[in-house]
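Written out below as structure tokens is the structure these notes cover.
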Protein chains: 2
Amino acid sequence: MPTRRSTATMKDVALKARVSLATVSRAFAAPGSVSETLTQRIVAAARDLNYTLNVNARSLRSQSSGLVVVLIPDIGNPFFSVLLQGIEEQARALGLAILIGDTHGDRELAATYARLLDTRRADGMILLNGTVPNRAHDGARLSPQRYPVVAISERIPGADIAMVGINNRAAGFEAVAHLAGLGHRRIAHIMGPADNILTHERAQGYREGVLAHGCDLWPEALQPGAFSIRAGRAAMAKLLDGPAPPTAVFAANDEIAIGAIIEAKARGLHVPRDLSVVGFDDIEYAESYDPALTTINQPRREMGRRAMAMLGELITDPDHRQADVNLEYQLVVRASTAPPRVASRKPVSRT
Amino acid sequence: MPTRRSTATMKDVALKARVSLATVSRAFAAPGSVSETLTQRIVAAARDLNYTLNVNARSLRSQSSGLVVVLIPDIGNPFFSVLLQGIEEQARALGLAILIGDTHGDRELAATYARLLDTRRADGMILLNGTVPNRAHDGARLSPQRYPVVAISERIPGADIAMVGINNRAAGFEAVAHLAGLGHRRIAHIMGPADNILTHERAQGYREGVLAHGCDLWPEALQPGAFSIRAGRAAMAKLLDGPAPPTAVFAANDEIAIGAIIEAKARGLHVPRDLSVVGFDDIEYAESYDPALTTINQPRREMGRRAMAMLGELITDPDHRQADVNLEYQLVVRASTAPPRVASRKPVSRT
DNA sequence: TTGTATGCGTTATCAC
DNA sequence: GTGATAACGCATACAA
């Protein structure tokens with residue numbers, strides 16, 4: 001007995017429960033405002049008729065859809081997908097549905113998705129990519145005064161948008177401090193892409209760490225790169241080809257770190273005996289890699305949850321000014337870091 | 001000059017373009033049916049007024065929302081997130097938006113999300129978890145006659161739902177064939193979770209492979225497990241603790257394979273010298289692992305795209321019967337498999 | 001507390 | 001081709 005697609009409307013429910021249509025609406029929207037008896041009759045009638053609220057109609061009438069747009073540069077990337085998971089959990093708790101948009105790092109595509117705010121009357125948006133879509137030809141349409149927007153991880157320059165993330169500079173500093181504490185003096189840094197905000201924050205932390213601990217800071221110590229294994233390998237190769245290779249590397253994320261380790265291994269080096277590597281993010285596979293990665297853990301799921309919670313408040317009260325939230329990061333020491341074979345002031349003897 | 005939220009409606013556009021409301025609607029919906037001159041006037045007026053179509057109103061009237069629900073057991077898992085990426089790409093091409101639901105493997109949650117088909121008048125649904133939500137107390141509501149539904153990867157038993165995936169049995173067979181070809185005779189299989197359909201298909205392929213190649217098939221050769229690194233480790237430990245450990249293992253997915261390798265390494269074994277391991281899925285990190293994983297590549301992105309394309313056809317023509325689609329998989333031989341140290345039937349000479 | 005009446009912005013059904 | 005007009009299903013101002 002295939003149940004038919006519920007075509008019953010509030011009118012039907014009202015008829016069956018012998019109340020007015022308005023009362024049915026109220027019974028569902030504001031449970032307290034309808035008397036006990038009527039509520040029971042209405043609920044029973046709705047059940048019998050297999051009634052389902054038509055959200056489209058509600059959205060049209062109320063001018064808000066219960067939809068939240070989430071803009072992600074790359075869903076396939078575990079870093080983002082776990083963030084999304086946190087967002088999803090909180091959204092569900094708030095009764096909001098998630099409209100997903102993979103921007104592939106393309107601003108034009110991001111703009112397309114951002115338009116859902118208008119066309120679908122989405123209630124808000126979460127940005128995971130550090131850029132405001134469509135700034136160029138669409139001006140201030142995304143200012144939080146118009147639309148509730150929250151950014152994750154990356155501070156968006158020039159936009160008054162609340163953010164939840166961690167202190168990347170401090171984390172970078174701590175990564176270097178860990179290495180320096182192990183005795184390393186020649187520590188390189190493989191950076192993320194140049195147009196990324198996080199890249200600069202982490203690099204800044206690196207610089208401060210190197211300075212504070214009296215480590216070397218030579219011209220090639222800061223290697224440009226990208227958030228990928230391939231880029232990590234390439235940068236590590238350059239570092240190793242240099243006249244005085246580092247004994248340790250701080251990578252701007254775990255994929256870079258893995259790339260660096262692959263390259264080191266390919267050259268017969270042992271990690272961490274010959275080279276220590278610190279990553280960033282603590283993605284799933286960091287723990288299972290060989291060697292297990294020493295890295296900075298970001299509470300990704302929690303970041304997603306908090307961002308969604310903030311957005312929720314912003315939606316219910318658009319005038320509420322949200323302060324940025326910096327969550328706790330954590331240096332997780334595993335097997336990819338160790339004291340240098342020989343302190344680097346004196347020449348390193350290699351077999 | 002912050003552009004105001006577009007509050008202009010078709011009525012405004014009609015007024016400004018000096019045409020009727022109906023004509024404006026037609027100009028956008030069926031571009032061919034309105035004369036050249038009027039179309040131009042309408043487009044111009046819409047631009048001037050910064051007009052945006054209100055999709056909620058359209059959905060209410062047309063009884064369809066342009067929304068597709070995607071049910072995923074775990075967005076954080078790279079296997080699924082890349083599938084999602086494929087789905088997203090195709091959906092964008094079709095002008096559909098994706099409503100995402102992470103079921104966390106929970107049927108109750110899945111049912112909740114499936115209700116979006118009713119409440120939001122979603123046009124269809126894609127299932128990534130091998131179960132039809134809400135079967136228990138909601139009967140045949142999800143039959144494709146009522147709602148366009150497509151499943152990915154897992155055939156859903158008892159439901160007449162089109163599927164796109166690969167031939168898991170044949171792939172399992174091929175994995176064993178590869179191992180047997182290398183000279184292995186004692187090949188174990190670490191399975192996925194017992195309630196998963198893929199688990200049985202791959203295990204069946206394993207059995208047939210073992211039989212066809214005259215390999216051993218001892219009682220503990222098939223280890224129950226789950227799709228996780230931890231489960232892979234545990235199962236490998238049992239295998240290694242047995243009286244006559246295998247020289248090779250076919251793992252039901254890459255995470256299991258990684259777990260198996262970790263355990264083997266922890267016991268001082270070398271992979272692939274002492275133990276060969278074949279994975280399944282070819283996730284991102286399979287290539288970068290040490291050793292790089294020999295595994296079965298599933299065209300995940302393409303699977304997502306195809307599923308969404310099929311769903312699109314199903315949406316435009318609900319009576320169209322979609323045939324299952326089996327895409328090409330591929331055994332990717334990398335560094336985690338090698339001939340056994342000593343062949344179990346005949347000795348293999350190794351340098 | 002409950003009922004009546006109106007409108008949200010579109011598409012569809014008529015006519016012309 | 002184009003225009004008037006009636007739904008679509010619900011929320012809410014107002015009246016009772």
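Side-chain atoms are counted along with the backbone in the values below, which use heavy atoms only and exclude waters and symmetry mates. Here is the naming used below: chain letters follow the sequence lines, and residue numbers restart at 1 for every chain. Note that the structure is predicted; figures quoted are calculated from it, not measured.
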Is any side-chain heavy atom of A/Ile315 less than 4.5 Å from a side-chain heavy atom of A/Leu96?
yes
Under the 3.5 Å rule, do the base of D/dG3 and the side chain of B/Arg26 count as making a donor-acceptor pair?
yes
When you measure from the side-chain N and O atoms of A/Thr9 to the phosphate of D/dC10, is any distance below 4.0 Å, counting only OP1 and OP2?
yes
B/Gln63 side chain near D/dG9 phosphate (N/O to OP1/OP2, under 4.0 Å)
yes
Once you round it to whole Å, what is the distance between P of D/dG3 and NZ of B/Lys11?
16 Å
Between C1' on D/dC10 and CG on A/Asp12, what's the gap in Å once rounded to a whole number?
13 Å
Distance check: side-chain N/O of B/Ser35 vs OP1/OP2 of D/dT2, anything under 4.0 Å?
yes
Below 4.0 Å: OP1/OP2 of C/dG3 and any side-chain N or O of A/Thr23:
yes
So what does B/Leu53 touch, heavy atoms closer than 4.0 Å: a base, only the sugar-phosphate, or nothing?
sugar-phosphate
Taking CG from A/Asn54 and P from C/dT10, how many angstroms apart are they, rounded to a whole number?
17 Å
A/Glu36 atom CD is separated from C/dT2 atom P, nearest whole Å, by 11 Å
Let me know the distance between CG of A/Leu60 and C1' of C/dT10, rounded to the nearest Å.
8 Å
In whole Å, what is the span from the CG atom of B/Asn56 to the C1' atom of C/dG7?
15 Å
Value rounded to 0.5 Å, distance of CZ in B/Phe80 from CD1 in A/Ile75
14.5 Å
Students often get this wrong, so: under 4.0 angstrom with heavy atoms, is B/Ser25 touching a base, only sugar-phosphate, or nothing?
base
Would one find a side-chain N or O of A/Ser20 under 4.0 angstrom from OP1 or OP2 of C/dG3?
yes
How is A/Val19 classified with respect to the nucleic acid when contacts are heavy atoms under 4.0 Å: base, sugar-phosphate, or nothing?
sugar-phosphate
Side chain of B/Ala22 only, heavy atoms from C-beta on: which candidate in D/dA7, D/dA4, C/dG7 is closest?
D/dA4
CG of B/Asp118 versus P of D/dC8: gap in Å, rounded?
18 Å
Would a 4.5 Å heavy-atom cut-off, applied to side chains only, mark A/Pro31 and A/Thr39 as touching?
no
Check whether any side-chain heavy atom of A/Arg120 sits under 4.5 Å from a side-chain heavy atom of A/Val69, and report yes or no.
no
Winner on side-chain proximity to B/Leu21, out of C/dT2, C/dT10, D/dT2, is C/dT10
Separation of D/dA6 atom C1' from B/Arg61 atom CZ, nearest Å, is 8 Å
Using a 4.5 Å cut-off on heavy atoms from C-beta on, say whether the side chain of A/Ile161 contacts that of A/Met125.
no
Donor-acceptor pair under 3.5 Å: do we get one between B/Arg58's side chain and the base of C/dT10?
no
When the nearest nucleotide of DNA chain D is assigned to B/Thr39 and to A/Phe28 on a heavy-atom basis, which residue is associated with the more 5' position?
B/Thr39
Thinking salt bridges, do A/Arg92 and B/Asp102 make one under a 4.0 Å N-O criterion?
no
